[in-house]
Amino acid sequence: EPEVTQTPSHQVTQMGQEVILRCVPISNHLYFYWYRQILGQKVEFLVSFYNNEISEKSEIFDDQFSVERPDGSNFTLKIRSTKLEDSAMYFCASSADGSGYTFGSGTRLTVV
Amino acid sequence: AQSVTQPDIHITVSEGASLELRCNYSYGATPYLFWYVQSPGQGLQLLLKYFSGDTLVQGIKGFEAEFKRSQSSFNLRKPSVHWSDAAEYFCAVDNYGQNFVFGPGTRLSVLP
């Protein structure tokens with residue numbers, strides 16, 4: 001069964017550093033998403049991406065965040081200057097038609 | 001704004017017992033509804049989804065859910081719980097095709 005692949009599975013970074021979280025969506029999918037889950041809390045929407053541009057973003061997705069599809073397969077989330085409160089599990093998801101996602105297994109980001 | 005509530009933060013059942021996890025939503029149109037399961041440290045796995053048609057939907061691992069428009073509910077059920085079902089369960093609604101709104105989750109513990 002096709003999978004959404006996320007790397008790394010766990011990343012530790014120092015406060016103020018930039019991090020890039022990587023995702024390989026399912027190959028024929030057109031819609032891409034990032035969600036995050038702070039430990040013990042619910043899953044929150046960050047951003048959706050379609051046709052090489054952001055289609056929707058939440059208030060969480062401020063100027064320190066950016067997304068990119070640098071080639072035909074990868075979808076990245078960059079956090080420019082990490083804060084302690086950015087520590088969370090970040091999930092990438094993709095969808096063929098915008099309904100019903102396949103989620104990746106997540107990247108646990110720890111900011112120290 | 002769309003919202004999803006899961007009234008039970010934590011439920012404990014004995015192995016072999018039946019299970020019902022509650023989900024209520026607030027949505028302005030016919031909702032697309034989903035249940036996801038998350039094992040500790042893992043990603044989100046889709047259990048089942050409702051788009052239209054038969055209000056009782058079958059999913060993987062023996063789960064089913066019933067959509068009740070009059071009650072704005074989409075409760076998840078399983079007739080006989082297995083120890084491996086211990087996990088966090090999230091109900092979600094598709095937010096007009098823009099993103100998903102997740103409920104806060106219900107943690108299921110299974111007693112031997």
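Lettering of chains follows the sequences in order, A, B, ..., and the numbering in each one begins at 1.
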Contact origin within Asp94(B) toward chain A - heavy atom pairs under 4.5 Å
side chain

Chain A contact via Phe34(B) - side chain, backbone, both or neither, heavy atoms under 4.5 Å:
side chain

Between Thr82(A) and Gln17(A) (side chain of the first, backbone of the second, donor and acceptor by atom type, cut-off under 3.5 Å), is there such a pair?
yes

Any donor-acceptor N/O pair, Gln6(B) side chain to Gly105(B) backbone, under 3.5 Å
yes

Roughly how far apart are Asn24(B) CG and Thr5(B) OG1, rounded to 0.5 Å?
4.5 Å

Please give me the minimum heavy-atom distance between Lys42(A) and Phe102(B), naming the atom from each residue.
CD-O, 3.5 Å

Need one label for Gln37(A): side chain, backbone, both or neither, based on atoms under 4.5 Å from any heavy atom in chain B.
side chain

Turns out that what part of Tyr101(A) lies under 4.5 Å from chain B's heavy atoms comes down to both

